[in-house]
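Structure first, then comments.
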Number of protein chains: 2
Amino acid sequence: MKANLSDVAKEAGVSAITVSRALRHPDKVSKKTLDKIMSVVDRLGYIPDPAARALAVGKTNVIGVVVPSVTNNVFSDVMRGIFETSEGSKWQIQLGNSRYSPLEEERLVRTFLSQKPAGLILSGLEQSEATSKLLMNADCRIVQIMECGPAPYDMMIGFSHIEASRVATRHLLEKGYKKPGYIAARLDPRSQRRLQGFEEVTTAAKLYDPARIVTTPRPSTVTLGCELTADLLSKAPDTDAILCNNDDLALGALFECQRRGLNTPNEIGICGFNDLEMMAVANPAISSVRTHRLQIGQQAMSMMDAALAGPEPDPSVIDVGFEMSARESTNRSAK
Amino acid sequence: MKANLSDVAKEAGVSAITVSRALRHPDKVSKKTLDKIMSVVDRLGYIPDPAARALAVGKTNVIGVVVPSVTNNVFSDVMRGIFETSEGSKWQIQLGNSRYSPLEEERLVRTFLSQKPAGLILSGLEQSEATSKLLMNADCRIVQIMECGPAPYDMMIGFSHIEASRVATRHLLEKGYKKPGYIAARLDPRSQRRLQGFEEVTTAAKLYDPARIVTTPRPSTVTLGCELTADLLSKAPDTDAILCNNDDLALGALFECQRRGLNTPNEIGICGFNDLEMMAVANPAISSVRTHRLQIGQQAMSMMDAALAGPEPDPSVIDVGFEMSARESTNRSAK
DNA sequence: TTGACAAATGTTAGCGCTGTCATTTTGTAT
DNA sequence: ATACAAAATGACAGCGCTAACATTTGTCAA
């Protein structure tokens, strides 16, 4: 019932390989036969079988994407960028959710590699030993996203998390906060580097106090932001600012402070991370570090496309940076 | 360099087909040879080539999932459910983002079908004419998610959006609100049915006023919730409650009302839709209609798995319902 | 007109796997 | 020991496509 290459070939009065060429390398076929073939393809509604092609060529059009979470706002933005940019191209995006587990990531990479993908997009700098080995020997292009660091497998796009949190911490200190705390959930490597940036800067300013750092392995939610804030404030009631590992927590922190009648920013400053759109419209508007999530997704896909299409993309490592979005929630002098 | 079936066969001293059987139908192979083959498989690190298998069998292990948005919280929860439940199974999830466009959905369905997938998971009741035709003739199982309605292609899991908004609207009326408004963004078919439920109930109660309905095709955000609320309040300043098409808008509505010094719930009630976790911790806590998004994803995948594994899943159409989460933001008498 | 070369098209074989059917081995009852 | 069925294994072909090489056709200059 479904037409295949030789059906089209027969109908067009040419050989199968000519049809194949017409479809894959139209410039290798004369205008006349090309037209004829195309009209037959249309008429028969022919659609090539990707499995047969994959078998013959030893490669697929699959680009595997491994993200640690599909619900996290950060990665949904990245994913959107990837999907948008791949649209219309021949690349077939295949998504895997590693749930922040290096082992699950390894399993996914294995599955993807068995499909002989054209490319792989992975999150972060560190993979399990085994995954690393797989990737080194992989016969496909690789883009690492979210972070910038040394020794990429291939290509890379992201920013420095430690530098971003240094900037946010300095912002709090500049605003005059003297007893800054830190709350974090789900300490993946990137979160840990952000915490590290906070510790560095506060230590240098002689304002470091481990009692003001509250973390949990639980996944981040707004509700958890409330709980961590409550925790922090019970352990160290004199805390005058909270740097939050992400915006969910920051919103939760704000809600919790409101509930306790603590004025933000005067009694307590709050700063988030990522700068989700809602930060700007909260009351008070919440300061945050803007990260370029959509752009990371888009450019990761563009780099991949470029690398697969032809000449090497230049550069192959991109630091997209970040910006401090200072708002009311840390503007102590205001009001 | 990479081992294939016959490498394993040679090494194990059997024929290729026996290795194939050992892997696919272990019960058709004697214990002794099975053990030998498995040890060789391990030693050689043999991984079957899915493309070759697909070509031989005329079917893949792919399950295509088409969602209208990868950033929308609703669908990220659904996706999480699907990914979680598929983990460990042989099914390979492939995700497509239709961006709420029936044409893009059609393109995706075409691409998926060309891969001879085992199954397809689609969002919503209505597809383009062409998509419908494709799906009717498709040689794979289909699960429609998010909504329940008549005439499923195959299987279905969701809830009644119109009934859900009727319940929410009645909740507002029961709480004594007399001039309820409605704000909505991105009017997909499901949003439209929710609006319809609101219109029905307010009309029946003789409280319907088109001036209190503000909609936009723009994608939903918290910021947009602020804007739509501002719009609504400028058009109909005496509005005493807002039913929001989703929780992003509801949070925006709350922020905007706070900014205007309007007390929620006394001067203005606010109700959202979906009941994202953050609704419960806002100040005041925001009423919403809880929808079972994770469950929809999980069960959609279970149904699919069951249908592909063996006997027909029963039932093949599931209404997971919803619950009204009444909170402070609509509790007029409180405080 | 002819030869030389490029462009266009065709032939053949094979990618790695599994369905079908044929054959061999094993187990069981007489 | 024999007969017979059931279990286990194997030979072969083919899924639909494309790389590599082979052949034909077309073009142009001498």
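Only this structure's heavy atoms are used, side chains among them; waters, hydrogens and symmetry mates stay out. Just so we're on the same page: letters track the sequence lines, and every chain starts at 1.
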Using the side-chain heavy atoms of [X], tell me which of these nucleotides is nearest: [options].
X: A:Val29; options: D:dT18, C:dG16, C:dT9; result: C:dT9
X: A:Val14; options: C:dT20, C:dC17, C:dG10; result: C:dG10
X: A:Arg53; options: C:dC17, C:dG19, D:dC17; result: D:dC17
X: A:Ile17; options: D:dC17, C:dT18, C:dT11; result: C:dT11

Roughly, in whole Å, what's the span from [atom1] in [X] to [atom2] in [N]?
X: A:Ile47; N: D:dG16; atom1: CD1; atom2: P; result: 14 Å
X: A:Gln115; N: C:dG16; atom1: CD; atom2: P; result: 16 Å
X: B:Asp49; N: D:dC17; atom1: CG; atom2: P; result: 16 Å
X: A:Asn61; N: D:dT18; atom1: CG; atom2: P; result: 11 Å
X: B:Lys10; N: D:dT9; atom1: NZ; atom2: P; result: 20 Å
X: B:Lys2; N: C:dG16; atom1: NZ; atom2: P; result: 9 Å
X: A:Lys28; N: D:dT25; atom1: NZ; atom2: C1'; result: 17 Å
X: B:Asn4; N: C:dT18; atom1: CG; atom2: P; result: 12 Å

- Residues B:Val65, B:Ile82; criterion side-chain contact (heavy atoms from CB on, under 4.5 Å); working and verdict: CA-CA 9 Å; B:Val65 178; B:Ile82 293 175; 4.0 Å; yes
- Message: I'd like to know whether B:Glu106 forms a side chain to side chain donor-acceptor pair (under 3.5 Å) with B:Ser128, so could you lay out the CA-CA distance, the side-chain angles of the two residues, the decisive distance to 0.1 Å, and finally the verdict.
- Response: CA-CA 7 Å; B:Glu106 186 176 326; B:Ser128 78; 2.9 Å; yes
- Message: Could you check whether any side-chain heavy atom of B:Glu11 comes within less than 4.5 Å of a side-chain heavy atom of B:Val8, counting everything from C-beta outward?
- Response: no
- Flag the pair B:Val78 / B:Val67 as yes when at least one side-chain heavy-atom distance between them is below 4.5 Å, and no otherwise. no
- So, does the side chain of B:Arg21 form a donor-acceptor pair with the base of C:dG19 at under 3.5 Å? no
- Report yes if a donor N or O on one partner sits less than 3.5 Å from an acceptor N or O on the other, where the partners are the side chain of B:Arg24 and the base of C:dG19; otherwise report no. no
Just to confirm, is there a sub-4.0 Å distance from OP1 or OP2 of [N] to any side-chain nitrogen or oxygen of [X]?
X: A:Thr18; N: C:dT9; answer: no
X: B:Ser30; N: C:dT26; answer: no
X: B:Ser15; N: D:dT9; answer: no
X: B:Thr33; N: D:dT9; answer: yes

- Going by atom types alone, do B:Thr111 and B:Ser114 pair a side-chain donor with an acceptor below 3.5 Å? no
